[in-house]
Number of protein chains: 2
Amino acid sequence: MVTIKDVAREAGVSPTTVSYVINGTRSVSKETQAKVLRAIERLGYRPNTIARSLRSKKTYTVGLIVCDLKNPFFAEVLQGIEEQLNEKGYTLFVVDTNYDAEEEERAIEALLSRQVDGAIAVLGGEGNRNLKTFQERNIPLVLLDKRAQGEEWADTVLVDNRGGSRRLVEYIFSLGYRRVGIIAGPLTTTTGRERLEGYLEALQSFSISRDDRLIKIGDFRRESGYRIALDFLSSPSPPEVIYACNNLMCLGAMEAIREKGIRVPRGNRSSSF
Amino acid sequence: MVTIKDVAREAGVSPTTVSYVINGTRSVSKETQAKVLRAIERLGYRPNTIARSLRSKKTYTVGLIVCDLKNPFFAEVLQGIEEQLNEKGYTLFVVDTNYDAEEEERAIEALLSRQVDGAIAVLGGEGNRNLKTFQERNIPLVLLDKRAQGEEWADTVLVDNRGGSRRLVEYIFSLGYRRVGIIAGPLTTTTGRERLEGYLEALQSFSISRDDRLIKIGDFRRESGYRIALDFLSSPSPPEVIYACNNLMCLGAMEAIREKGIRVPRGNRSSSF
DNA sequence: GTGAAAGCGCTAACAG
DNA sequence: CTGTTAGCGCTTTCAC
């Protein structure tokens, strides 16, 4: 590996100067600069970010913890994050926790020991004790799409789950349907809980009594949507409408519905969150 | 930040011993081990991967360069890669190049200077001169889904684009259709070129003469599928069938088709590569 | 405008 | 079974 020392020797200057040329962090004469740049070119030198980070305490990395990378919604989020970061010279670590609390903990440990300058997390369940370490170390943390208990100090980006869900279900009711089966997400997540709450609010505002046979809990993954939809369809009194609380479970449900030989009406086919 | 030295002091041993306890890289008496572990616990010590990497020349990181993270296909690939890596104690860097050669180059530079132990790339176009550096440095590189000119030394994972495409189009011909419009991908990519070749082979095997008005080149992104499908549909003699060469362009094409008030037959709605 | 030297937190000879 | 010591490649004070 060619180091800053090699460049220094090749250019006939000190390592210090090479460093300053690379970082532009103090003025260097045109000549020296040229010599150094030529040496860098000749040797194909590339700065070692690891060494730099150790010394400067800045890694220019950000970690992203996601509960489900397969979900296209998060894939798009990831893309946006990466794009912004890249522009600013940061590189992104990505970890998928697969909705597993233990993996989540390991992910946090990994990011901490890698000295990330910041972290973004889409948690899979309730909060996580270890998240506090980010606070202690003054590492910015952003919670995305899911809140965590006891982490009110962290910046949080949420959508209006309750309101959106309520309006959605109210719209269905306004169309005249009454038996709406909901495939909810895990109640340990903000999105799972709040979307169900929205559903319940809609029931209330239409004075429709709650029927627990119409409420089933999935895990936000495709397979659970499939399984629960089958349940619904094979029950003695199936719902008129199935409301799947996220995109993946919706796809699963649609598969089940089609298998049963029932047509899925057009226009109700896409969901984005 | 609490370092190995702090732990050593707290435990009343030398930093060396702490290091050996952490890494289990030489035998330590039960007692000392206990003392060290307790000190680690008390101080909330976490090893600094950066320092470790600088010394040991191993970062336990792998970089993934992808031309389009928004594409759900690559999102799934990403997830699989991350899962395997995670299991082995590696952490993944992810960079999206947005089909841009310059961004690709910057991505390569970033990964190299971050000293990744290995890299995986889904290139956006023709190869890239800088890829050679991985070879020079003996950093394993895997090319995914797209080949690169002059990088035959790198391990490569491909699908049978030509064969699959040919069989697909032959099937359509066997159904009696003759005018099949193709929305191909960029001819600078393996997938773009080979899938078009498969289409042309199918023409040949059915002795159908090539009609260049039925061949249009997109960029694998949704919008290009939309635009080209509109082109097809508003031409004097539109194709009977539209073959979009990847999932995203297919979605775009379907949108265009629906907008034109044409029904998309069921069963032809999904594509996975 | 330039250089010498210390040290970031850790590992790994080498020595006992 | 344990410790001393010398760096890994870089940045940054301090001195000239």
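Order of the sequence lines sets the chain letters (A, B, ...), proteins ahead of strands, with each chain counted from 1.
Other residues, nucleotides and ligands place no more than 12 heavy atoms under 6.0 Å from the OH atom of A:Y60.
Residues satisfying the side-chain contact (heavy atoms from CB on, under 4.5 Å) criterion with A:T133, sequence neighbours excluded, are A:L112, A:E136, A:R137, B:R46. The salt bridge (Lys or Arg N to Asp or Glu O under 4.0 Å) search around A:E103 returns none, not counting sequence neighbours.
Between B:K57 atom NZ and D:dG7 atom P there is a gap of 13 Å when expressed in whole angstrom units. What separates CD of A:Q115 from P of D:dC10 is a distance of 19 Å, to the nearest Å.
Terminal axes of the helix from C:dG1-D:dC16 to C:dG16-D:dC1 (five pairs each, C1' rotation axis) are separated by 40°, to the nearest 10°.
Salt-bridge formation is detected for the pair A:E197/A:R162: a Lys NZ or Arg NE/NH1/NH2 atom is positioned less than 4.0 Å from an Asp or Glu carboxylate oxygen.
With rounding to the nearest 0.5 angstrom, the CG atom of B:L141 is 6.0 Å from the CG atom of B:L131. Note that CG of B:N138 and CG of B:D117 are 12.5 Å apart. Values are rounded to the nearest 0.5 Å. Atom CG of residue B:N71 and atom CG of residue B:N247 lie 4.0 Å apart, to the nearest 0.5 angstrom. Rounded to the nearest 0.5 angstrom, B:L143 CG and B:W153 CH2 are separated by 7.5 Å.
A heavy atom closer than 4.0 Å to some atom of DNA chain D occurs in B:V13, B:S14, B:T16, B:T17, B:R26, B:S27, B:V28, B:S29, B:T32, these being the qualifying members of residues 13-33 of chain B. A heavy-atom distance below 4.0 Å to DNA chain D is reached by these residues of residues 37-55 of chain B, ordered by number: B:L54, B:R55.
Where DNA chain C meets chain B (any atom under 4.0 Å from a heavy atom), the bounding nucleotides read 5' to 3' are C:dG9 to C:dC14.
Counting only N and O atoms by type, the side chains of B:T91 and B:T61 include no donor and acceptor under 3.5 Å apart. A side-chain donor-acceptor contact under 3.5 Å links A:D219 and A:S224.
Residues B:R114 and B:T59 have side chains not in contact (no heavy-atom distance under 4.5 Å, counting atoms from C-beta outward). At a threshold of 4.5 Å between non-hydrogen side-chain atoms, the residues B:C245 and B:L196 do not count as touching. Using a 4.5 Å cut-off on side-chain heavy atoms (C-beta onward), A:S27 and A:Y20 make no contact.
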